[in-house]
Colleague: 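Pasting a structure here, questions to come.
Chain letters run A, B, ... following the sequence lines, proteins first, then strands; residues in each count from 1.
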Number of protein chains: 2
Amino acid sequence: MPEPRHSRKTRQREAVLAELRKAKDHPTADQLYERVRKAIPRISLGTVYRNLELLAAVGAIRVVGSPGGRRYDGEMASHHHVRCTGCGRLDDVHMDVGLEMPRSARFSHNYELTGYQVEFLGLCPACVKNFSRPGRKT
Amino acid sequence: MPEPRHSRKTRQREAVLAELRKAKDHPTADQLYERVRKAIPRISLGTVYRNLELLAAVGAIRVVGSPGGRRYDGEMASHHHVRCTGCGRLDDVHMDVGLEMPRSARFSHNYELTGYQVEFLGLCPACVKNFSRPGRKT
DNA sequence: TTGCTTGCAAAGGGTTTGCATAGGA
DNA sequence: TCCTATGCAAACCCTTTGCAAGCAA
């Protein structure tokens, strides 16, 4: 696969990005596909995947790996996440956690650090309620 | 699938847990399978998966969801991770980041928070070296 | 016109499941 | 003995790819 030297502006690519930008949740590729399909019925799942990969590669969107499938995040402003350990629900946390980057080689493993992301863990309101029978992990 | 009421102690389960506890990396199910196979050649991949799921459910191990596959972590002491955005390499960061939990409902989305985990991002030494041609994302 | 993109469909790879048998309590 | 756990293989996702046609630049 020869790496493309220039990427083009296509309806499909713009639709995928637009849909992700306005999404309030963190959709999977398939969920995004269903949404984009309302505007471009003949778009294919493969195209959605290819565009998500490209958009992530150029840093236009974020990928959130989670057990149960990859999710995408269209909000680029620095923010963190809360994940429900009961049902897998994921929400944004807009808060300045004012965390300092590790500077010593011992802590950073000699990585060239560029940023960080905090994932808070807990139970969402729904799972707190059903605490005795929490939803299935996703 | 009737939820088992009591879990039993089996060679396979203990071997999976032991192997993961002594692992210094964050193996995938398949990598763990290969390692456990040295002790129990006839163990099946399915058994490894089932035990990993059970062990995670009872909180004996941690699951690290990442683009490119699920990984498992046998170290339960609180720690964080550094992920290379170039090649996907994952390392531990043992450091007290002294982060305070969000208390306001606005930030916590009414979650009952139990903990948090920081993921530092950056380039590992190898990818820094090949900066012009970073390895493939995993 | 060039060569990146798309649709479609098949291929891939990781994870889950059904079932008969083995084995822990 | 009772019920959970295992081995094996098939079934199931989700994601990636090959290819011919479509379409930005």
Colleague: Are A:H80 and A:H94 close enough that their ring centers fall under 6.0 Å?
Modeller: no
Colleague: Can you tell which of C:dG7, D:dA5, C:dT2 lies closest to the side chain of B:R13?
Modeller: D:dA5
Colleague: Considering only D:dC14, C:dC4, D:dC8, which nucleotide approaches the side chain of A:R8 most closely?
Modeller: C:dC4
Colleague: Flag the pair A:L99 / B:F120 as yes when at least one side-chain heavy-atom distance between them is below 4.5 Å, and no otherwise.
Modeller: yes
Colleague: Applying a 4.0 Å non-hydrogen cut-off, can you work out what B:S7 is touching in the nucleic acid: base, sugar-phosphate, or nothing?
Modeller: sugar-phosphate
Colleague: Within a strict 4.5 Å, meaning less than it, do heavy atoms of the B:R35 and B:P27 side chains meet?
Modeller: yes
Colleague: Take B:R11 and B:R70, find for each the nucleotide of DNA chain C with the closest heavy atom, and name the residue whose nucleotide sits nearer the 5' end.
Modeller: B:R70
Colleague: Taking any heavy-atom pair under 4.0 Å as a contact, classify A:L45: base, sugar-phosphate, or nothing.
Modeller: base
Colleague: Using a heavy-atom cut-off of 4.0 Å across all strands, would you classify A:R50 as base, sugar-phosphate, or nothing?
Modeller: base
Colleague: Using a heavy-atom cut-off of under 4.0 Å over every strand shown, decide if A:N51 touches base, sugar-phosphate, or nothing.
Modeller: sugar-phosphate
Colleague: Closest approach to the side chain of B:K9, judged atom by atom: which nucleotide of C:dA25, D:dG7, C:dT5 is it?
Modeller: C:dA25
Colleague: Considering only NZ, NE, NH1 and NH2 on the basic side and carboxylate oxygens on the acidic side, decide whether B:R50 and B:E53 come within less than 4.0 Å.
Modeller: no
Colleague: Taking for each residue the nucleotide of DNA chain C bearing the nearest heavy atom, is the 5' side occupied by B:G46 or by A:H6?
Modeller: A:H6
Colleague: Of the options D:dC8, D:dA5, D:dT15, whose atoms approach the side-chain atoms of B:S44 most closely?
Modeller: D:dC8
Colleague: Over all strands shown, is B:R42 touching base, sugar-phosphate only, or nothing at heavy-atom distances under 4.0 angstrom?
Modeller: sugar-phosphate
